[in-house]
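Following: one structure in structure tokens, then a few remarks.
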Amino acid sequence: MTIFSQYRAMNRFGLGAGPLDLNAATADPKGWLLQQLEIQQDPGPQVPDAATSLSAFYEWRNERKRLMSSEESERRAQELTSLQRGLAAQEQSNFFKRFEYAAHTRTPFRERLVQFYSNHFSVSRKGKRMISLACVAYENEAIRAHLDSSFADMLLAVMSHPVMLFYLDNNNSVGPGSPAGKRSKRGLNENLAREIMELHTLSVNGGYTQQDVQALAKMITGWGFGGYNNRNPAVKQGEFFFYKQNHEPGPQVLLGRQYDFQGLEQGRAALIDLALDPSTARFLATKLASHFIADTPPPEAISILERSFLDSRGHLPTLHRTLVNLEAAWDPAHKKFKTPNEYLLSAVRVFDLPFNGRIRKLIRSGLVNLNQRPFFAGSPAGWPDDTRYWSSSSALKKRIEWGLATGASANTGLHKIEQAVAMLPTDAGDLQLAMKRAESPAQAAGLMLASPEFQWR
């Protein structure tokens, strides 16, 4: 394959061209990607599991309540500040571990897929402080752990995860005809059911009705977790639990099909059918093609992915192999503009930067200033994946400033600059020449990171 193919394998399918991947991607770009799909031991960043993180938040909340009721105002203020700083430090530690894991992984195609599905099943800590400690664990447990399984398995894992259940309020949803519903003021919450069909499976054009939303919402009543508004000592904090007394009894009809299952199995059966629906196949194929090929991908590429999904019953490794083998994915005519997270990751990877305090500070400021803080999307739709959203003149100015600042701070030697120049595609000749003529390695690094060529993958 051509030099461009090597660059595309690292930059389009991976997380940015870099010395970590150079030898393997150069020898056989496509084989290097396919081999990553065979690796099934991927623990991800080492963070506390979701149950532990949610329990830690409950302890923080209870301690905060105790301090707020204290009469010693000066001591209370000091302890509250310390408590707040401790929680913020743990949050930042989790997010940095996630970024560092991606920046230094030897299987960047797998990691890009993890981040793609994490954004597809987006959760946000914005206005949802309780889940802030558990977001990275959610990605590990619901997304990463099911990358080698089926889309249905991933969907079930996501929708039964406490982070998603809290984010879209299903833990507070009570069937009106359930034992709890007959004696409680709480009622049916449709948030999760609506987003399952609109954002996660069928799409907004998937042919469902408001009656379908209500039916699915009733089928997943009782799906909750321990520790939140729950005093049952038998239920473990932060772990999924099916509250039978909250579940709407009786059969339900979804998309013209009647579900006679009882309890937990009713919702599970509905989710599996939604995962295998032809509208879901079309929707996911379109999103994958848009992410890996172009904002407006060729229709034939979408059709090939759609057929692969349907024929394999949503088997994700099969779908991902089909993606790698798409001719359109390797066509130099197609381009994708990097999101801020992708841009920063590729900057760290291209120079194999050490994850020291200086680089951590630059990463944090970059994600904040470029408006893509981890798990902070403004809606359940996740972060946009198209050029228009990220390429305004003010956003580009901030990228250039960040690139120049990082180049000056990276302490990059001449050898790494020469490696970076060699990894650029052949159509980046002007940039290569400018880097070779730079007065110092730091200036060359800044030129590369601030260049228009580096903004695309």
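Numbering starts at 1 and runs along the sequence shown.
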Ring geometry between His120 and Phe116 (parallel below 30°, tilted from 30 to 60°, perpendicular above 60°): parallel
Parallel, tilted or perpendicular: rings of Tyr138 and His161 (30°, 60°): perpendicular
Any residue meeting salt bridge (charged side-chain N to carboxylate O under 4.0 Å, His left out) with Asp430, in chain and number order, not counting sequence neighbours: none
side-chain contact (heavy atoms from CB on, under 4.5 Å) between Phe99 and Leu344, worked out: CA-CA 9 Å; Phe99 189 95; Leu344 269 60; 3.9 Å; yes
Under 3.5 Å side-chain donor-acceptor pair for Gln36 and Thr107: no
Asn341 side chain to Gln115 side chain, donor-acceptor N/O pair below 3.5 angstrom: yes
Over 12 non-hydrogen atoms of neighbours within 6.0 angstrom of CZ in Arg144: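 More than 12 heavy atoms, drawn from other residues, nucleotides or ligands, come within 6.0 Å of this atom.
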Backbone of Met448 reached by a side-chain donor or acceptor of Ser451 within 3.5 Å: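 Answer holds: yes.
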Main-chain N/O of Phe225 paired with Tyr243 side-chain donor or acceptor, under 3.5 Å: yes
Among Lys397, Arg399, Lys398, side-chain hydrogen bond (donor to acceptor under 3.5 Å, both in side chains) partner for Glu401: Lys397
Criterion salt bridge (Lys or Arg N to Asp or Glu O under 4.0 Å) on Arg349 and Asp21, from CA distance to verdict: CA-CA 9 Å; Arg349 290 181 71 84; Asp21 309 323; 2.7 Å; yes
Qualifying side-chain hydrogen bond (donor to acceptor under 3.5 Å, both in side chains) pairs, either residue in residues 128-137, two or more places apart: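 The answer is Glu91-Arg129, Glu91-Ser132, Lys128-Asp169.
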